[in-house]
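Structure first, commentary second.
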Amino acid sequence: MKSSNDFYNRVFKVVKQIPYGRVTSYGAIARYIGAPRSSRTVGYAMNASHGEQDVPAQRVVNRNGLLTGKHHFQGTNLMQQLLESEGIVVIDDKVQNFKKVYWDPNIELPAFKE
DNA sequence: CGGCTGACGTAAC
DNA sequence: TGTTACGCCAGCC
């Protein structure tokens with residue numbers, strides 16, 4: 001197996017492991033699952049995360065801390081509201097103190113374990 | 001089977 | 001330091 005389906009599965013799994021009040025980037029997840037060049041595909045996988053209620057896609061932003069995928073959410077600023085509800089300061093679709101709330105699975109997590 | 005698109009990232013200018 | 005161009009992998013037409 002280890003096919004595209006697994007790729008999505010890994011992305012979902014990592015995103016689900018994101019702690020409360022923290023955010024991460026697509027590239028970090030991509031690198032963690034073993035696809036450092038598939039950052040774009042990670043975001044694409046997030047598109048399918050809509051079927052996964054346990055996947056806090058709002059905690060996943062780009063390297064700049066910008067809420068690039070907020071447009072894909074139901075509401076116009078639903079993503080921002082969710083992040084602010086977690087204590088994350090979001091101004092102009094940009095995560096403030098991104099360095100503080102940034103959560104890197106490659107650092108926080110020892111290794112990928114199924 | 002070929003080509004285009006896309007919630008990104010890095011390099012180059 | 002800001003902007004532009006390219007690459008990357010997976011999904012869809």
Side-chain angles (χ1 to χ4, degrees):
Chain A
M1 341 298 215
K2 307 318 230 46
S3 288
S4 44
N5 195 326
D6 187 62
F7 188 90
Y8 276 43
N9 192 10
R10 292 191 192 193
V11 176
F12 297 147
K13 200 172 279 191
V14 176
V15 175
K16 286 177 184 178
Q17 289 171 79
I18 302 176
Y20 179 89
R22 298 279 174 153
V23 295
T24 188
S25 59
Y26 303 96
I29 299 173
R31 196 163 84 162
Y32 186 70
I33 64 181
R37 266 86 216 178
S38 314
S39 44
R40 299 183 67 174
T41 318
V42 174
Y44 203 79
M46 301 304 307
N47 224 352
S49 71
H50 282 264
E52 308 284 328
Q53 59 178 351
D54 290 320
V55 179
Q58 71 274 10
R59 290 182 190 161
V60 184
V61 296
N62 68 344
R63 213 37 180 110
N64 275 313
L66 193 71
L67 281 64
T68 48
K70 82 156 215 163
H71 201 101
H72 283 252
F73 277 75
Q74 294 180 358
T76 315
N77 54 345
L78 175 63
M79 189 175 184
Q80 180 174 335
Q81 288 183 39
L82 288 171
L83 290 173
E84 290 183 326
S85 293
E86 297 185 3
I88 300 175
V89 183
V90 180
I91 301 176
D92 192 37
D93 303 337
K94 166 74 159 45
V95 178
Q96 305 304 307
N97 301 328
F98 181 60
K99 216 159 143 192
K100 290 168 59 176
V101 298
Y102 182 58
W103 179 82
D104 194 333
N106 301 284
I107 301 174
E108 304 297 328
L109 295 179
F112 195 89
K113 217 62 177 171
E114 260 186 72

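Below, read A as the first sequence line, B as the second, and so on, with proteins coming before strands; counting in each chain starts at 1.
- Listed for the A/D104 side chain is no donor-acceptor partner under 3.5 Å among the backbone atoms of A/T24.
- Separating the CZ atom of A/R10 from the P atom of C/dC9 is a distance of 15 Å, rounded to the nearest angstrom.
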Do nucleotides 6-13 of chain B as a string where each nucleotide becomes B, S or -: B if the base has a protein heavy atom under 4.0 Å, S if just the sugar-phosphate does, - if no protein is that close. BBBS----

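- Remark: the backbone N or O of A/L82 is not paired with any side-chain donor or acceptor of A/Q58 at under 3.5 angstrom.
- Annotation for A/H71: atom NE2 does not count as buried by contact number, only 12 or fewer foreign heavy atoms lying within 6.0 Å.
- Rounded to a whole Å, the CG atom of A/D6 is 11 Å from the P atom of C/dA10.
- Note on A/E52 versus A/K16: salt bridge recorded, some NZ/NE/NH1/NH2 to OD/OE distance being below 4.0 Å.
- C/dG11 atom C1' lies 17 Å from atom CG of A/N9, rounded to whole Å.
- Here the side chain of A/Y8 pairs no donor or acceptor atom with the backbone of A/A48 at under 3.5 angstrom.
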